[in-house]
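Here the structure is laid out as structure tokens; the discussion comes afterwards.
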Amino acid sequence: MKPLPPDFPLAEIAALVPPRLIGSSMNPAEVKKMFRVLVDFLQANNLTTHTLLRPNEIPAEDFIIRAGDLTPQGLNLFRRGVEKWIGGIDRGKDPRDVTPLKRALKKIRQRNENEE
């Protein structure tokens, strides 16, 4: 798979806040909460190349997660787990339920161990 340029946007709050996302029932505060949960998971699992948000910091409307913000495993998680997690939220699951992210990360790390 071709590597992404470091400035490639993977997720941005502005793209998910209505009215930009037609049919979205999430308000800006809910989108920011979702991003906070995602960033906390990424940082707690050492999947970022630097601190994206400080503890208790609320992401700004223009907050973006870019390819260069993530480690190779973090990028892999975006490809394999984040979409499932967001899909669950779209179906009414609590954003704090990061089970899909945990499962995807476990598979990624097991695959990496087997390749070593």
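Between the T49 side chain and the D69 main chain, a donor and an acceptor come within less than 3.5 Å of each other. Side-chain N or O atoms of W85 include none that pairs as donor or acceptor with a backbone N or O of L38 at under 3.5 Å. Of the possible donor and acceptor atoms, one in the side chain of N27 sits under 3.5 Å from a partner among the backbone N and O of A29. Remark: the backbone N or O of L52 is paired with a side-chain donor or acceptor of Q43 at under 3.5 angstrom.
Scanning for side-chain contact (heavy atoms from CB on, under 4.5 Å) contacts around R103 gives T99, with sequence neighbours left out. With sequence neighbours excluded, the residues forming a side-chain contact (heavy atoms from CB on, under 4.5 Å) with E57 are R36, L53, R54, listed by chain and number.
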> After noting the C-alpha distance and the side-chain angles of L105 and N76, does the key distance pass the side chain to side chain contact (heavy atoms under 4.5 Å, CB included) rule?
Replying inline: CA-CA 8 Å; L105 182 58; N76 210 347; over 6 Å; no
> Hey, mind stepping through E12 and R66 against salt bridge (Lys or Arg N to Asp or Glu O under 4.0 Å) and telling me if it holds?
Replying inline: CA-CA 9 Å; E12 53 188 298; R66 299 182 187 279; over 6 Å; no
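Taken from CG in L77 to CG in L42, the straight-line distance is 6.5 Å, to the nearest 0.5 Å. To the nearest 0.5 Å, atom CZ of residue R79 and atom CG of residue L4 are 5.0 Å apart.
In this structure, the side chains of F8 and L10 come closer than 4.5 Å at one or more pairs of heavy atoms.
Grouping the Ile, Leu, Val, Met, Phe, Trp and Tyr side chains by contacts below 4.5 angstrom, directly or via other members, places F35 apart from I64.
Counted within 6.0 Å of CZ on R109, heavy atoms from surrounding residues, nucleotides or ligands total more than 12; the atom is thus considered enclosed.
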